[in-house]
Amino acid sequence: MCGIIGYIGPKDAVPYLIEGLRRMEYRGYDSAGVAVWTDDALEVRRAAGKIAKLEAALVASPLSGTVGIGHTRWATHGPPTERNAHPHLSADGTIAVVHNGIIENSTALKAALQDLGYEFRSDTDTEVIAHLVQELFDGSLEEAVINALRKIEGTYGLAVVSSKDRDKIVAARKGSPLLIGVGEGETFLASDPSAILAHTRQVVYLNDGDVAVIERDKYKVIDIDAMPQPRTVDRINWDLAAIERGGYAHFMLKEIFEQPTTIENTMRGRLILEDGTAKLGGINLSHEQLLNIDNIIITACGTSWHSALIGEMMIEELARIPVEVEYASEFRYKNPIVTERTLCIVMSQSGETADTLAAMREAKRRGARTLGLVNVVGSTIAREDDGGVYLHAGPEIGVASTKAFTSQVVALALFTLKLARKRELSVARGREFAQALAALPGQIKTVLDTASVIEAIAEEFKRASNFLYLGRGFNFPAALEGALKLKEISYIHAEGYPAAEMKHGPIALIDEMMPVVFIAPHDAVFDKVVSNVQEVKARNGKTIVITSRDEPSLKGLVDYEIRIPETADMLMPILASVPLQLLAYYIAVKRGSNVDQPRNLAKSVTVE
Ligand code: M6R
């Protein structure tokens with residue numbers, strides 16, 4: 001979603017701002033802008049559409065100065081036009097603001113400001129902040145911002161500059177991430193570390209309630225009562241290469257092909273083959289606490305929710321603890337049964353998804369212990385949970401989640417193994433499962449070697465209007481995930497169903513135009529799935545079958561076959577999801593979609 005960048009230092013801010021905005025493009029946006037103090041005035045350039053348009057505006061009307069802020073906007077209040085793009089200027093042009101989040105009382109604030117004579121030039125909620133800071137300004141920008149924050153309700157990550165208190169950027173965070181980048185004689189502000197990684201690895205993550213005053217060679221963090229808030233300087237420990245395409249046509253393709261390594265990284269130092277268990281240092285759960293868990297709730301959104309469904313089945317199967325999977329957006333508005341013996345597992349690639357974060361806070365409020373399975377180090381969920389397991393999949397830039405999904409399932413498998421071995425799983429079964437996990441990276445390489453077969457299938461179906469994805473047991477969530485991947489990047493309508501549910505409705509859709517993807521490895525429900533393949537073939541549907549063996553029972557039923565290796569039933573969705581990712585990717589590319597930045601989507605959904 002929206003991105004914020006700020007620079008203050010000895011050099012021209014504009015190239016830093018544009019580079020930072022480009023690094024955050026993957027998050028999804030529909031307009032962009034910068035504000036720079038040019039020694040004469042605070043000047044703003046904005047453009048609807050991609051950053052290239054903003055660059056063209058800067059070529060037509062150049063800007064230069066050593067203090068600046070920039071923004072990519074994902075429209076909420078008002079369409080993605082130039083007038084709604086950030087930064088927004090105050091009425092007198094002395095204050096510029098960029099803002100992520102939503103000001104919930106903007107209507108009331110706007111009316112009050114209009115009564116004072118302020119004229120509004122945009123449809124945004126953000127513009128009220130600019131006028132409010134102007135109204136409250138009395139010589140100190142931080143005081144004016146703090147006084148404005150006292151009147152604001154809602155969520156924000158914001159950055160403010162002023163031509164009346166020039167050599168600083170004032171930032172504030174409540175519900176929307178922000179960090180300070182500490183450079184040599186220069187300081188950065190960003191909502192995403194990738195925006196500044198090329199210039200510094202030293203970062204200070206802001207907490208909710210923090211106000212930061214950033215100057216060229218120093219910064220301070222205070223709260224709304226101006227009390228100092230000591231914050232540590234962390235080091236970003238991934239490389240620039242991790243956020244670059246490295247020869248691949250798209251980030252998504254790169255991330256699909258990274259999976260042997262990312263899965264290895266998720267398991268590194270954690271899998272103990274000999275004892276058939278896992279070591280997870282960060283979960284902060286004692287032996288007694290693990291034994292005393294009565295029930296588990298896993299909460300998440302989107303792809304993370306699909307991984308949670310697989311986790312549910314693994315935990316119930318091996319650790320014999322009842323598990324419920326809840327959409328985070330629903331969980332927070334229900335009246336869930338949570339006790340002190342409930343463990344709430346929170347799944348999120350970004351660690352910033354607003355609904356997931358709110359669900360975690362709600363679970364905590366009701367007394368549950370929380371365990372975050374998160375990819376982005378230092379993200380809000382990772383900092384607020386009671387314990388955590390980082391995925392270590394590295395930055396995921398493609399909006400369609402791929403490597404984070406497989407790492408999530410692996411992380412859930414590791415947690416299951418640990419939990420189950422504490423309870424009733426035997427060493428022998430634990431070892432078997434651990435060995436199956438250890439074999440996954442090599443097996444994924446084998447699946448990736450079939451990419452050209454999948455590309456050829458994509459060629460056949462690139463013009464389809466609908467797709468059905470069917471699987472049973474552990475592969476039902478894989479079917480949901482396959483359908484989500486296809487629809488989000490190719491815009492083809494796709495549904496995932498438990499294979500046997502097809503005859504209760506979706507079967508009406510089957511005809512010679514309907515491709516049906518079956519996930520049918522040789523597992524406990526294989527024969528049942530074969531019956532469902534027969535039902536589709538009997539109605540002339542086109543079958544694409546992902547399977548793991550030459551099975552006589554499939555003869556004559558399969559139009560297109562994709563072969564994957566065999567593994568434990570529980571881990572099959574990991575292997576099956578790789579061809580599903582590739583199928584979605586190649587179809588989307590052949591249809592000319594913007595694979596890494598699909599329309600309307602954002603990488604991290606920080607609004608409810
Ligand atoms: O960062 P999160 O895992 O919390 O994000 C959750 C969803 O927004 C995300 O998985 C979304 O569904 C992706 N676009 C899926 O590819």
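In this chain, numbering begins with 1 at the start of the sequence shown. Both counts, for ligands and for their atoms, begin at 1 and track the order of listing.
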**Student:** Check the orientation of His86 and His99. Use parallel for under 30°, tilted for 30 to 60°, and perpendicular for over 60°.
**Tutor:** parallel

**Student:** I want to check something: taking the side chain as every heavy atom from C-beta on, are Ile489 and Arg591 in contact at a cut-off of under 4.5 Å?
**Tutor:** no

**Student:** What does the list of residues with a heavy atom under 4.0 Å from ligand 1 look like, ordered by chain and number?
**Tutor:** Cys301, Gly302, Thr303, Ser304, Ser348, Gln349, Ser350, Thr353, Val399, Ala400, Ser401, Lys485, Glu488

**Student:** Does some side-chain heavy atom of Leu419 sit less than 4.5 Å from a side-chain heavy atom of Ile293?
**Tutor:** yes

**Student:** Would Tyr497 and Phe476 count as a close aromatic pair, with their ring centres under 6.0 Å?
**Tutor:** no

**Student:** Checking salt bridge (Lys or Arg N to Asp or Glu O under 4.0 Å) between Glu244 and each of Arg22, Lys254, Arg23, which is the one that passes?
**Tutor:** Arg23

**Student:** Can you give the donor-acceptor pairs under 3.5 Å from side chains of residues 446-454 to other protein atoms, not counting sequence neighbours?
**Tutor:**
{"from": "Thr446", "atom 1": "OG1", "to": "Gly442", "atom 2": "O", "distance (Å)": "3.1"}
{"from": "Thr450", "atom 1": "OG1", "to": "Val447", "atom 2": "O", "distance (Å)": "2.6"}

